[in-house]
Peer 1: 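Questions regarding the structure given below will be posed in turn.
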Amino acid sequence: DAKTTQPPSMDCAEGRAANLPCNHSTISGNEYVYWYRQIHSQGPQYIIHGLKNNETNEMASLIITEDRKSSTLILPHATLRDTAVYYCIVRPNFGNEKLTFGTGTRLTIIP
Amino acid sequence: GAVVSQHPSWVICKSGTSVKIECRSLDFQATTMFWYRQFPKQSLMLMATSNEGSKATYEQGVEKDKFLINHASLTLSTLTVTSAHPEDSSFYICSARDSPRLEETQYFGPGTRLLVL
């Protein structure tokens with residue numbers, strides 16, 4: 001079972017920052033938070049991951065609360081190509097632990 | 001990021017035939033590969049995990065004799081859908097990880113769309 005809760009859908013205006021929330025209140029100390037997205041009819045694309053510190057890369061920023069029970073993925077300047085389903089996943093940081101996908105958030109960027 | 005390819009990207013076959021899907025890691029060696037299936041408007045469901053040189057581990061409810069997985073090399077895993085039926089029509093996606101290291105990122109292929117007539 002997925003250990004995260006995300007809103008089923010969100011809209012964001014093109015050029016604005018898209019903030020996607022994720023609750024993971026039962027996260028364990030050895031579990032990372034991963035974000036992937038899936039554009040229609042494609043395989044999932046890795047975005048970013050983190051443990052407890054905020055992370056930033058060329059695609060997005062990840063803000064993790066101090067208690068690690070929730071996080072927010074931020075796309076700073078959303079474009080139409082960011083329209084996709086975004087998945088927040090928690091996964092232990094060892095061994096062959098698998099990624100278990102929940103239902104994700106369908107983000108629609110509006111022109 | 002690392003690149004994972006799949007072949008074919010789509011396939012149409014008659015009921016009762018077998019279909020093989022290839023998954024390759026192009027710029028890294030994948031000690032572990034995963035096979036997922038996705039039905040329309042649903043999320044990805046893990047079917048099995050394969051480690052190079054050993055038998056695949058199947059998720060509950062997935063028939064290992066129907067979905068044959070071979071991970072014979074560090075860059076190639078194959079999924080064979082045997083005696084395919086219309087209910088096997090789905091989007092099959094593989095992913096690969098180069099080692100069970102800490103924070104290891106899993107990269108996904110573009111998917112293979114299977115239609116069984």
Side-chain angles (χ1 to χ4, degrees), chain A residues 1-9 22 27-53 55 57-60 62 64 68 84-108, chain B residues 1-7 9-10 21 23-25 30-52 54 56-60 62 71 90-115:
Chain A
D1 293 333
K3 298 177 63 175
T4 63
T5 304
Q6 299 177 251
S9 64
C22 179
I27 192 170
S28 301
N30 65 353
E31 290 182 317
Y32 281 73
V33 179
Y34 283 79
W35 282 84
Y36 283 79
R37 71 180 183 184
Q38 186 178 27
I39 296 171
H40 183 62
S41 295
Q42 298 182 24
Q45 176 188 21
Y46 167 78
I47 301 174
I48 199 167
H49 74 280
L51 182 62
K52 55 183 179 180
N53 297 321
E55 302 288 344
N57 62 21
E58 64 278 6
M59 290 184 66
L62 174 61
I64 303 174
R68 303 210 323 124
V85 178
Y86 287 75
Y87 295 98
C88 168
I89 303 167
V90 296
R91 198 205 99 184
N93 63 345
F94 59 85
N96 289 332
E97 289 297 325
K98 55 204 175 188
L99 288 175
T100 300
F101 287 78
T103 53
T105 296
R106 182 173 298 278
L107 174 67
T108 302
Chain B
V3 178
V4 177
S5 71
Q6 280 184 244
H7 177 80
S9 56
W10 59 269
I21 302 170
C23 176
R24 294 181 184 273
S25 56
T31 56
T32 304
M33 287 185 169
F34 304 84
W35 286 96
Y36 292 80
R37 179 168 54 180
Q38 186 176 33
F39 292 108
K41 299 187 184 300
Q42 295 185 22
S43 188
L44 284 79
M45 295 298 296
L46 180 67
M47 299 175 67
T49 301
S50 72
N51 293 298
E52 186 268 336
S54 63
T57 302
Y58 290 82
E59 295 298 301
Q60 190 173 9
V62 178
H71 191 164
S90 188
F91 191 46
Y92 292 86
I93 308 168
C94 73
S95 70
R97 201 162 67 201
D98 66 2
S99 82
R101 296 179 307 176
L102 299 181
E103 298 189 59
E104 199 48 57
T105 298
Q106 197 169 317
Y107 297 98
F108 288 80
T112 297
R113 193 163 299 280
L114 171 64
L115 176 62

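Keep in mind that the numbers below use all heavy atoms, side chains included, and drop hydrogens, waters and symmetry copies. A note on names: the letters A, B, ... follow the listed sequences, proteins ahead of strands, and every chain is numbered from 1.
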Peer 1: Minimum heavy-atom separation for A/Tyr87 and B/Leu44, please, with both atom names.
Peer 2: OH-CD1, 4.2 Å
Peer 1: Would you find more than 12 non-hydrogen atoms of other residues, nucleotides or ligands less than 6.0 Å from B/Met45 atom CE?
Peer 2: no
Peer 1: Answer yes or no: are there more than 12 heavy-atom neighbours, outside B/Arg113 itself, under 6.0 Å from its atom CZ?
Peer 2: yes
Peer 1: First locate atom CZ of B/Arg97, then atom CG of A/Leu99, and finally report the distance between them rounded to the nearest 0.5 Å.
Peer 2: 7.0 Å
Peer 1: Where does B/Gln6 contact chain A at under 4.5 Å (heavy atoms): side chain, backbone, both or neither?
Peer 2: neither
Peer 1: Counting only non-hydrogen atoms closer than 4.5 Å, does A/Gln45 touch chain B with its backbone (N, CA, C, O), its side chain (CB onward), both, or neither?
Peer 2: neither
Peer 1: Between A/Phe101 and B/Ser43, what is the shortest heavy-atom contact and its length?
Peer 2: CB-OG, 3.3 Å
Peer 1: Once rounded to the nearest 0.5 Å, what's the spacing between atom NE2 of A/His49 and atom CD of B/Gln106?
Peer 2: 12.5 Å
Peer 1: May I ask you to decide if A/Gly43's main-chain N or O and B/Tyr36's side chain share a donor-acceptor pair within less than 3.5 Å?
Peer 2: no
